[in-house]
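These notes concern the structure reproduced below.
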Amino acid sequence: MHDILSEIWSTAKRNKLRTALTGFAVAWGIFMLIFLLGAGNGLINAIMQNSGRYLDNSMMVGGGQTAKAHDGLKEGRIIRLDDEDFSTTEHKYNNNVDDVGADIRQGGVTISFGDNYVSTTLIGVYPNQANINKLELLHGRFVNNIDNQQQRKSLVISESQAKELLPSPTGGGQVGALVGKYVKVGEFAFRVIGILKDDASRMNADAYTAFTTIRTMYNRGDKADHILFSFHGLDSEKDNDEFENRYRANINTNHRAAPDDEESIWIWNRFTQNLQMNTGMSIIRTALWIIGIFTLLSGIVGVSNIMLITVKERTREFGIRKAIGAKPASILRLIIIESVIITTFFGYIGMLLGIAANQYMDATIGQTKVNSGLFEASMFVNPTVGLDVCIEATVVMIIAGTIAGLIPARKAANIRPIEALRAE
């Protein structure tokens with residue numbers, strides 16, 4: 001075996017360009033496959049993380065502006081949701097709707113505790129807000145039904161807001177100390193009942209209290225900014241579309257808008273959004289694999305062509321070997337081992353470079369976030385490929401290189417010495 005390896009090394013040194021081209025074809029194919037799959041995974045992981053901020057089987061409904069004249073009223077009317085819409089959602093669709101809530105917002109609110117203060121948007125909510133928007137509590141509790149029934153001045157703030165409000169050196173790690181304390185919200189005293197965990201995908205700039213408290217404090221009558229609810233039994237995009245059309249028609253009727261007016265209210269259906277995202281991610285995965293596999297195939301074709309050229313160039317050499325007694329099996333073994341060693345060595349280099357490129361992406365654009373004004377979204381999350389995929393791609397290239405070397409090797413091993421010696 002040592003003699004074979006020495007001979008392969010000697011042949012590689014004599015044919016540096018040919019060896020380099022073979023190695024480049026192998027390394028490039030594996031590198032591009034790993035790099036493309038890593039970039040695709042980073043994009044897909046970011047989409048999943050950003051879309052995972054909400055409960056899948058939930059909808060959010062908001063008022064809009066009529067686009068059609070109806071019932072003697074002109075188009076362009078502003079529609080604001082109210083208690084009648086809430087009741088319609090809760091009672092008319094109870095076969096599908098599980099838990100109904102609403103929110104109402106008051107911007108430009110200042111929360112102060114001693115000499116420290118933060119500016120925020122105060123949102124009046126129902127208890128289902130925490131479940132639907134996946135709000136995670138660090139300390140205390142969230143707004144409950146009793147808070148709404150009694151119009152309590154209860155307050156839930158984010159971890160970063162609590163750190164701003166607490167005096168140093170108490171702040172930063174002792175945010176739970178604020179639970180149970182009274183803070184000023186404008187001119188009103190509110191009791192802090194909970195601290196929410198900061199979410200990197202959100203701005204963490206909102207504070208929460210009871211829905212009824214906001215409506216009473218700011219004289220909002222029977223209005224709501226949004227209605228939120230979770231649902232069941234709508235398992236396909238068709239089911240969801242039919243539900244949305246029925247629901248929109250009923251809410252529009254409450255406001256004397258055309259039943260088929262799609263602008264009068266808007267519906268954010270997280271379920272159909274996820275279906276569409278999953279379809280899009282499947283297309284991205286398939287496209288990346290197709291591109292990667294064809295890139296890998298180009299490397300395989302390159303190896304095959306170079307191996308064919310190698311055998312042709314060495315035909316005379318093989319004829320001499322056979323003339324002095326070399327067996328066909330020894331020639332076959334020599335070419336196959338050479339193919340395997342070159343493919344393995346450069347395939348390993350391509351794998352390492354691909355992993356390094358993915359790690360670089362993760363350390364740079366993998367940490368990049370886009371601020372939409374409402375929340376922060378990650379562009380790439382963990383843009384890497386599993387080690388199993390890297391190894392499998394390398395093994396595929398090694399096998400392909402072996403097969404590529406086997407075909408011309410058999411031809412060379414079976415050539416007659418006299419024919420080989422005549423070759424130029």
Side-chain angles (χ1 to χ4, degrees), residues 40-68 79-81 85-103 123 125-135 199 201-202 224-255 257-288 370 372-379 381:
N41 286 339
L43 179 62
I44 290 169
N45 291 338
I47 293 172
M48 292 179 67
Q49 183 186 82
N50 295 330
S51 64
R53 295 183 298 114
Y54 306 104
L55 186 68
D56 288 349
N57 58 319
S58 66
M59 296 189 194
M60 184 177 187
V61 185
Q65 187 174 1
T66 59
K68 298 180 179 181
I79 302 298
R80 292 205 61 194
L81 303 178
D85 302 319
F86 189 98
S87 179
T88 297
T89 306
E90 187 173 33
H91 300 297
K92 198 160 188 176
Y93 295 94
N94 52 14
N95 288 335
N96 297 111
V97 172
D98 295 321
D99 193 12
V100 184
D103 70 37
I123 308 177
V125 298
Y126 280 78
N128 71 337
Q129 182 89 205
N131 180 45
I132 288 177
N133 288 342
K134 294 186 178 181
L135 304 176
D199 186 342
S201 63
R202 291 188 172 94
D225 288 336
H226 307 107
I227 293 175
L228 300 91
F229 57 89
S230 55
F231 60 86
H232 67 277
L234 305 176
D235 301 322
S236 67
E237 193 165 354
K238 180 182 177 183
D239 292 339
N240 280 266
D241 288 341
E242 290 175 352
F243 175 88
E244 287 181 31
N245 290 335
R246 294 195 308 270
Y247 181 79
R248 179 180 286 103
N250 274 280
I251 299 299
N252 285 355
T253 300
N254 291 346
H255 298 273
D260 60 345
D261 189 344
E262 296 185 357
E263 302 296 326
S264 57
I265 64 167
W266 55 263
I267 301 174
W268 180 9
N269 188 332
R270 280 77 181 259
F271 182 83
T272 54
Q273 175 182 288
N274 282 339
L275 286 178
Q276 293 162 0
M277 283 186 177
N278 289 335
T279 301
M281 287 187 291
S282 297
I283 294 172
I284 291 173
R285 283 195 183 98
T286 302
L288 288 170
V370 175
S372 69
L374 297 174
F375 56 85
E376 290 184 342
S378 301
M379 290 184 64
V381 174

Report yes or no: does [X] contribute a side-chain atom to a donor-acceptor pair with the main-chain N or O of [Y] at less than 3.5 Å?
| X | Y | value |
| --- | --- | --- |
| Y93 | F243 | no |
| N96 | H232 | yes |
| D261 | A67 | yes |

Next item on the list: Go through M60 and R270 one step at a time and tell me if the side-chain contact (heavy atoms from CB on, under 4.5 Å) criterion holds.
Entry: CA-CA 8 Å; M60 184 177 187; R270 280 77 181 259; 3.9 Å; yes
Checklist line | Summary of salt bridge (charged side-chain N to carboxylate O under 4.0 Å, His left out) pairs that have at least one residue in residues 85-94, sequence neighbours excluded | finding: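 Salt bridge (charged side-chain N to carboxylate O under 4.0 Å, His left out) check on residues 85-94 returns no pairs.
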Note to self: Listing request: all salt bridge (charged side-chain N to carboxylate O under 4.0 Å, His left out) pairs with a residue in residues 225-238, at least two apart in sequence or in separate chains.
What the structure shows: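 Listed by first then second residue: R80-D225.
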Measure the [atom1]-[atom2] distance between [X] and [Y] for me, rounded to the nearest 0.5 Å.
| X | Y | atom1 | atom2 | result |
| --- | --- | --- | --- | --- |
| S58 | D99 | OG | CG | 11.0 Å |
| E242 | S236 | CD | OG | 7.5 Å |
| I251 | I79 | CD1 | CD1 | 11.0 Å |
| L81 | H255 | CG | NE2 | 5.5 Å |
| L228 | T89 | CG | OG1 | 10.5 Å |
| S264 | R248 | OG | CZ | 7.0 Å |

Note to self: How close do M59 and I267 get, counting heavy atoms only, and between which atoms?
What the structure shows: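 Heavy-atom minimum between the residues: SD-CG2, 3.9 Å.
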Note to self: Looking at every non-hydrogen atom in both residues, tell me the closest pair between A257 and T66 and how far apart they are.
What the structure shows: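 Result for this residue pair: CB-CG2, 4.0 Å.
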Next item on the list: Could you check N131 against S230 for side chain to side chain donor-acceptor pair (under 3.5 Å), going step by step and ending with a plain yes or no?
Entry: CA-CA 9 Å; N131 180 45; S230 55; 5.3 Å; no
Check: With respect to Y247, which candidate in W266, F231, F229 satisfies the ring-ring contact (aromatic ring centres under 6.0 Å, His included) definition?
Finding: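 It is F229, the one option of W266, F231, F229 that forms the ring-ring contact (aromatic ring centres under 6.0 Å, His included) with Y247.
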Item checked: N240 and its side chain to side chain donor-acceptor pair (under 3.5 Å) partner, picked from N57, T272, N269 ->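 Of all the options given, the one that passes is N269.
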Check: Between F86 and Y126, does a ring pair (Phe, Tyr, Trp, His ring centres under 6.0 Å) hold up when you go through it step by step?
Finding: CA-CA 12 Å; F86 189 98; Y126 280 78; 5.3 Å; yes
Next item on the list: Output all residues satisfying salt bridge (Lys or Arg N to Asp or Glu O under 4.0 Å) with D241, sequence neighbours left out; order by chain, then residue number.
Entry: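 Result, salt bridge (Lys or Arg N to Asp or Glu O under 4.0 Å) vs D241: none returned.
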Item checked: N128 vs V100 side-chain heavy atoms within contact, under 4.5 Å ->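 Of all side-chain heavy-atom pairs linking V100 with N128, none is under 4.5 Å.
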Checklist line | Trace of the side chain to side chain donor-acceptor pair (under 3.5 Å) decision for T88 with N250 | finding: CA-CA 8 Å; T88 297; N250 274 280; over 6 Å; no
